[in-house]
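A short worksheet on the structure shown next.
Atom set for the values below is all heavy atoms of this structure, side chains included, hydrogens, waters and symmetry mates excluded. Note that this is a predicted model, so its numbers are computed, not measured.
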Amino acid sequence: MRLLERVRERRQALADRWGDLVLSTYPPETASFLRTERDPFRNPVGTTIRREIGALAEGLLTGADAAALEGPLDAIVKIRAVQALSPAQAIGFVLLFKQALGEVVGESAGTGSGDAAARELADLDELHGRVDALTLAACDRYVACRERIFDIRARAATARTYALLKRAGLLSEVEAEGAAAAPGAEGRP
Amino acid sequence: MTEKTQQELVQIDYAPPARDWMDPRIDFVARRGSWSYPGAAKNLRYLGFPNPRDWSPEDADWKLPPNWQQIIHDGLAERLGKYRSLKVFLDTCVRCGACADKCHFFLGSGDPKNMPVLRAELLRSVYRKDFTTAGRILGSIAGARELTPEVLKEWFYYFFQCTECRRCSVFCPYGIDTAEITMIARELLNLVGLNINWVIEPVANCDRTGNHLGIQPHTFKDNVDFLVDELADVTGVRVEPSINRKGAELLFVVPSADYFADPGIYTFMGYLLLFHYLGLDYTLSAYASEGGNFGLFTSHDTIKRLNYKIYHEARRLKVKWLLGGECGHMWRVMHQYMDTMNGPADFLEAPVSPVTGTRFEHAASTKMVHICEFTADLIRNGKLKLDKTRNDHRRVTFHDSCNPARAMGILEEPRIVLNAACNHVFEMPENTIREQTFCCGGGAGLGNDENLEMRLRGGLPRANAVRWVHEKHGVNLMACICAIDRATLTALVEYWVPEVGISGVHELLGNALVMPGEKPRTTDLRGLPLAGMEGVADV
Ligand code: SF4
Ligand code: SF4
């Protein structure tokens with residue numbers, strides 16, 4: 001059986017292990033809670049990570065395209081981008097897939113000689129390549145999240161100053177046709 | 001330098017180092033984004049608070065008074081004598097862990113010290129050391145700790161990471177209220193000059209001018225006039241609020257953000273429309289121009305000091321009773337502290353609605369009624385003509401703000417108002433609302449910009465439920481009855497669920513309220529087109 005097929009058969013074990021490794025990046029007291037509480041509202045971080053890691057594992061094994069993985073990836077990166085983690089720690093969870101994979105297929109996979117081993121190696125390379133691509137996508141998502149945080153800070157500061165000046169009557173603005181130019185804080189949905 | 005293998009170069013240490021919870025060290029530089037700037041010396045000086053100086057948590061030396069340990073020790077001894085609840089809370093905890101996973105900061109950050117039981121333990125361990133026999137003799141075996149500078153820094157970090165929301169207390173079998181422990185810890189920190197500016201500046205401003213922002217009477221009036229003009233544009237009706245008018249029947253007190261900041265101003269416009277509709281004999285005050293009381297996040301003496309101005313103004317203006325706007329912690333102060341501190345307000349009359357004749361018995365002593373109680377009573381008595389379709393562009397959920405929900409039990413009234421004003425109202429999951437509501441993550445003075453990452457962590461459980469109700473029911477607006485929430489939730493949803501906006505409850509009431517003599521409305525109070533008016537509205 002080809003390695004990829006073998007892994008697909010054990011996809012649940014792989015996703016569980018990967019999820020476990022990701023949850024182990026939290027302090028031990030926290031990790032045990034994140035692992036056990038199943039209610040998504042009592043344990044938003046743990047259940048989100050489990051769910052979205054499952055979706056990502058599935059996507060990696062089936063070779064889903066980047067767009068299909070964006071949602072699950074974003075859900076996890078968004079959380080880790082605000083936690084007390086370095087950028088490497090925040091996105092490094094993707095690479096833990098490789099560790100889980102190694103454990104699931106066995107250390108010997110792709111090592112021997114001959115055609116079978118060469119095919120295994122090719123399959124492994126293929127999977128590792130997908131993980132690398134996902135890691136880079138996680139970098140993009142991470143930076144987008146951090147930029148959003150700084151946007152929120154900037155907008156809050158601008159809106160405060162703008163409101164102050166406007167109501168103090170210190171602004172003389174060109175009125176755009178039909179609408180006053182105002183920062184985004186006003187008239188948000 | 002020794003060559004590293006490629007493998008070593010990409011090695012990332014994922015697992016956090018195992019650390020004993022008693023280890024207090026905090027790297028404030030690495031943790032930027034999760035602490036607030038310290039109180040400015042000028043504010044401490046103005047208030048007559050101890051140890052005014054310029055300092056930063058990132059400095060090694062926090063410039064504490066030389067005898068700071070003694071000050072804290074004496075301060076704790078004094079409070080143990082004064083507040084029986086404190087001693088009970090410190091002695092009773094059996095470390096059952098029921099509260100451990102109930103704090104939004106723990107759930108969002110994953111930092112074990114944000115578990116309420118460990119947060120309280122920061123103070124409790126020092127209490128054990130100095131005030132219990134076991135702790136004195138057995139030391140760390142009995143969970144006792146020396147009060148070192150590192151421990152004090154840890155207090156500063158974690159007690160300004162508690163929003164005093166009291167969610168944990170709902171789950172504690174002994175009713176231990178970690179928020180009260182935080183309040184005492186903050187009092188003690190204040191004794192040696194440790195506070196945050198986002199708390200102490202509003203306190204200083206409020207003490208001086210009557211509101212958090214330091215808005216002076218003429219600017220207060222300008223702001224109100226500005227909103228009156230805006231209302232005239234949208235509705236064609238010119239409302240006539242009065243300010244500092246003696247002899248009015250009631251004094252209306254709001255959080256200052258309601259007449260100053262988006263999106264609170266739309267809620268304020270809703271109040272003004274309602275009062276005009278009813279022909280209510282009310283006055284605003286440019287002096288009692290703040291419902292909020294950041295004393296609650298400072299010390300009991302400061303709560304009393306700031307709260308007093310409201311009563312003082314009620315007496316000066318010779319009103320009969322008080323009506324209060326959509327503020328959160330203002331109601332905790334009213335409900336739990338005001339009467340003991342500054343009451344009973346014998347010079348006022350027990351509140352009676354001039355429209356329905358309802359006597360608000362529960363406010364017989366404080367003489368202060370919540371606007372949602374007042375409005376819900378009007379609705380029950382069929383006194384308001386409401387056109388719900390004017391909120392049809394909104395699919396609304398309701399966020400129970402911690403203080404009105406858990407400290408006061410205002411659970412039904414805002415829902416009565418919302419359901420009367422809107423056709424599409426949807427609840428979030430039951431373990432995230434009412435008494436179990438999740439905090440916005442920015443209360444108790446933590447809603448500042450520099451602390452944004454911590455707010456986003458703490459607000460994650462709330463946002464998670466908002467995302468659910470957005471995906472399931474297409475919710476695009478979350479209403480709440482707290483000014484801090486309106487400010488902090490705006491940033492929160494911008495990060496987690498940008499499809500959802502934030503409003504007050506009386507903003508939506510104002511949209512729906514059919515005013516006598518109004519022009520046909522094409523927009524809501526924000527100037528957004530009503531459903532079906534997208535092409536018509538002049539926005
Ligand atoms: S009061 Fe709220 S913020 Fe403070 S420890 Fe309890 S749950 Fe956490
Ligand atoms: S629930 Fe109460 S008794 Fe149990 S650990 Fe928390 S504070 Fe202590």
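Not one N or O on the side chain of B:Arg457 forms a donor-acceptor pair closer than 3.5 Å with the backbone of A:Ile79. The backbone N or O of A:Pro40 lies less than 3.5 Å from a partner atom in the side chain of B:Asn464, making a donor-acceptor pair.
Looking at B:Met428, there are no atoms closer than 4.5 Å to chain A (heavy atoms on both sides), in backbone or side chain. Residue contact with chain A, scored on non-hydrogen atoms closer than 4.5 Å, involves the backbone of B:Glu450 exclusively. Proximity to chain A (any heavy atom under 4.5 Å) is shown, for B:Pro112, by both the backbone and the side chain.
Under the 4.5 Å side-chain criterion, counting only non-hydrogen atoms from C-beta, A:Val45 is in contact with B:Leu460.
Near-neighbour residues of residues 51-65 of chain A relative to chain B, defined by a heavy atom under 4.5 Å from a heavy atom of that chain, are none.
Comparing B:Leu452, B:Thr432, B:Leu456 by how many heavy-atom pairs each has under 4.5 Å with chain A, the most go to B:Leu452. When each of A:Glu37, A:Gln83, A:Arg148, A:Arg153 is scored by its heavy-atom pairs under 4.5 Å with chain B, the top score falls to A:Arg153. Between chain A and the options B:Pro263, B:Ala463, B:Gly108, B:Ser34, heavy-atom pairs under 4.5 Å are most frequent for B:Gly108.
Summarising the geometry of B:Asp449 relative to A:Ala156, their closest heavy-atom pair is OD1-CB, 3.9 Å, with the distance given to 0.1 Å. Across every non-hydrogen atom of B:Pro429 and A:Phe41, the tightest pair is CG-CZ, 3.3 Å. Of all heavy-atom pairs between A:Lys78 and B:Trp496, the closest is NZ-O, 3.3 Å. Heavy atoms only, all atoms of each residue included: B:Pro461 and A:Pro44 are closest at CA-CG, 4.0 Å.
Within the 6.0 Å centre-distance limit, the rings of A:Phe33 and B:Phe106 are counted as a close aromatic pair.
Every side chain to side chain donor-acceptor pair (under 3.5 Å) that B:Asn431 has, sequence neighbours left out, goes to A:Asp39.
Using a 4.0 Å cut-off between charged nitrogen and carboxylate oxygen, B:Glu494 and A:Arg155 count as a salt-bridge pair. Between A:Glu29 and B:Lys113 there is no salt bridge, since none of the side-chain N atoms of the basic residue sits less than 4.0 Å from a carboxylate O of the acidic one.
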